[in-house]
Amino acid sequence: MSDAFDVDLFVIGGGSGGVRAARIAAGHGARVMLAEEFRLGGTCVIRGCVPKKLYVLASRFAQDFEAARGFGWKPGPASFDWQRLVGAKEAEITRLEGLYAKGQQGAGVEVVKTRAVIEGPHEIRLVNDGRIIRARHILVATGGRPNIDPALPGREHVITSNEVFDLETFPRRIVIAGGGYIALEFAGIFRLLGAEVTVIYRGAEVLKNFDQDMREGLVAAYERAGIRFVLNDVFARIDRTEDGLVATTRTGLRLETDQVLMAIGRSPNIEGLGLDKAGITLAPDGAIAVDAQSRTNIPHVFAVGDVTNRVTLTPVAIREGHAVADLLFGAAKGIAPWQVDYANIPTAVFTTPEIGTVGLTEAEARKAFAVVDIYRTSFRPIRATLSGGEDRTVMKIVVDGETDRVLGVHILGEGAGEMIQLVGIPLRMGATKADFDATMAVHPTSAEELVTMRSRTARHTR
Ligand code: NDP
């Protein structure tokens with residue numbers, strides 16, 4: 001390639017999308033440089049999915065100790081050490097960060113640990129030493145950052161998911177704002193680890209866009225676990241007192257607490273990036289506008305992952321980054337360009353109980369299809385028969401009543417995340433309810449209910 005450029009691809013951001021694009025592009029023979037200002041691995045590895053899952057697993061031991069009694073165990077008195085968990089988490093993500101660095105190095109990517117900003121259509125400045133790099137192609141993969149209401153009095157007292165993993169002391173009380181993935185996952189973690197948890201949500205019912213049965217089932221389980229919900233309300237102000245914090249809400253409630261966690265969504269991380277210097281345009285919501293190949297309005301500039309606000313999930317960013325690398329450099333290896341398919345993306349919410357979901361919710365299906373059949377079951381998982389737990393597993397299959405095609409599957413309960421990954425395969429393949437029925441059950445499991453729900457619960461016609 002031409003020597004007018006220092007590199008064939010400059011990747012800004014070493015998160016899920018960026019590192020995948022860089023590694024694949026370098027593997028295709030491109031000269032690649034990747035800049036990361038914080039830690040390699042990005043939100044998911046450093047302060048998102050991975051540490052979150054570790055904390056979820058830590059929190060669930062609380063239930064296991066209790067459940068064990070029903071199976072004949074007499075566990076000794078259990079105590080929990082937050083600092084040990086934080087330390088163990090830190091060691092693990094440091095190990096993962098090292099693996100990412102090795103992966104980049106092994107592929108021949110030059111990783112620079114600095115903030116990088118765009119200075120012109122092909123020019124990128126490395127902030128730590130001022131070097132200007134001329135890049136044939138640029139990939140913006142800078143991810144997102146947590147939102148905090150900029151007008152909230154006392155906003156300096158709140159934390160976000162950036163800080164929550166590394167709190168110096170375990171909060172005895174925590175108030176969590178938001179009704180989405182992050183708010184509900186941390187509500188579960190902190191409650192099971194022993195904190196008093198209050199969730200404050202601006203609407204009437206959390207988890208907007210999720211299937212109604214999942215929403216209701218989770219809230220019921222959370223209320224049983226002692227989580228308090230304050231609905232149709234938001235913060236008016238946060239004040240520090242001698243005893244911690246007081247969050248005052250618009251309706252006048254005073255919530256005394258040790259920490260306030262804001263989990264009210266994330267925004268594309270583009271501030272000061274110099275997008276204007278390359279003439280890159282934004283979508284109305286402030287994300288970088290891209291086409292189906294992740295190309296911006298500037299043909300040699302691409303963007304993937306949360307900075308584009310398509311489907312803000314790690315596996316999606318990884319696919320998008322991979323597709324860009326193949327598009328730009330795959331020809332050398334005989335790889336044809338391809339596009340990410342956004343249909344039927346399975347996803348899990350790592351609450352306890354967990355939610356796994358793929359495809360259309362019942363409400364979405366009823367809007368789009370003339371005849372919708374629902375198969376629904378709710379049962380006590382076998383463990384609960386001896387442990388005495390009250391939580392029920394809920395499963396729902398949404399079917400096109402005219403073609404028998406399965407449109408969506410929703411699971412609330414233990415193992416939902418693991419199950420839904422596998423259910424995603426038949427859904428992509430266009431499986432019918434008859435295919436589910438014809439599959440032999442694995443007995444005794446919870447998952448077998450997915451292939452043994454013979455009786456329709458409801459039929460909705462338009
Ligand atoms: P979500 O979009 O899931 O939820 C944001 C929540 O905050 C919603 O309940 C929203 O309310 C509420 N909200 C938005 N703006 C305000 C406001 N101004 N005042 C009060 N409340 C507000 O975002 P999260 O921050 O939880 O997570 C960000 C993204 O990260 C997720 O969308 C997801 O893609 C990803 N993620 C995925 C996980 C997983 O796969 N397990 C785990 C964690 C994050 P309303 O519903 O009314 O809009």
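Just so you know, ligand 1 is whichever comes first in the structure, and atom 1 is the first atom listed for that ligand. This chain uses plain numbering: 1 for the first residue, then up along the sequence.
Nearest protein heavy-atom contact of atom 42 (C) of ligand 1 is Glu185 OE1, 3.2 Å. The protein heavy atom nearest to atom 23 (O) of ligand 1 is Gly265 CA, 3.4 Å. The protein heavy atom nearest to atom 38 (C) of ligand 1 is Tyr181 CD2, 3.2 Å. For atom 41 (N) of ligand 1, the closest heavy atom belonging to the protein is Ala348 O, 2.8 Å.
With atom 17 (C) of ligand 1 as the reference point, the heavy atom nearest to it among Arg202, Lys52, Lys208 is part of Arg202. For atom 6 (C) of ligand 1, the choice among Ala183, Gly179, Gly48 with the nearest heavy atom turns out to be Gly179. Nearest residue to atom 35 (C) of ligand 1 from Val316, Thr314, Thr312 is Thr312 (criterion: closest heavy atom).
Between Phe235 and Val158 there is no side-chain heavy-atom pair separated by less than 4.5 Å.
Residue Pro146 does not touch ligand 1, judged by heavy-atom distances below 4.0 Å. By the criterion of a heavy-atom distance under 4.0 Å, neither the backbone nor the side chain of Val206 is placed next to ligand 1.
Which parts of ligand 1 touch Tyr201 is read off a 4.0 Å heavy-atom cut-off, strictly below it: atoms 9 (O), 11 (O), 45 (P), 46 (O), 47 (O).
Just one of Arg376, His460, His410 meets the side chain to side chain donor-acceptor pair (under 3.5 Å) condition when paired with Glu362; it is His460.
Val45 and Ile93 make their closest contact through O-CG2, 3.2 Å (heavy atoms, listed as atom of the first residue, atom of the second, distance).
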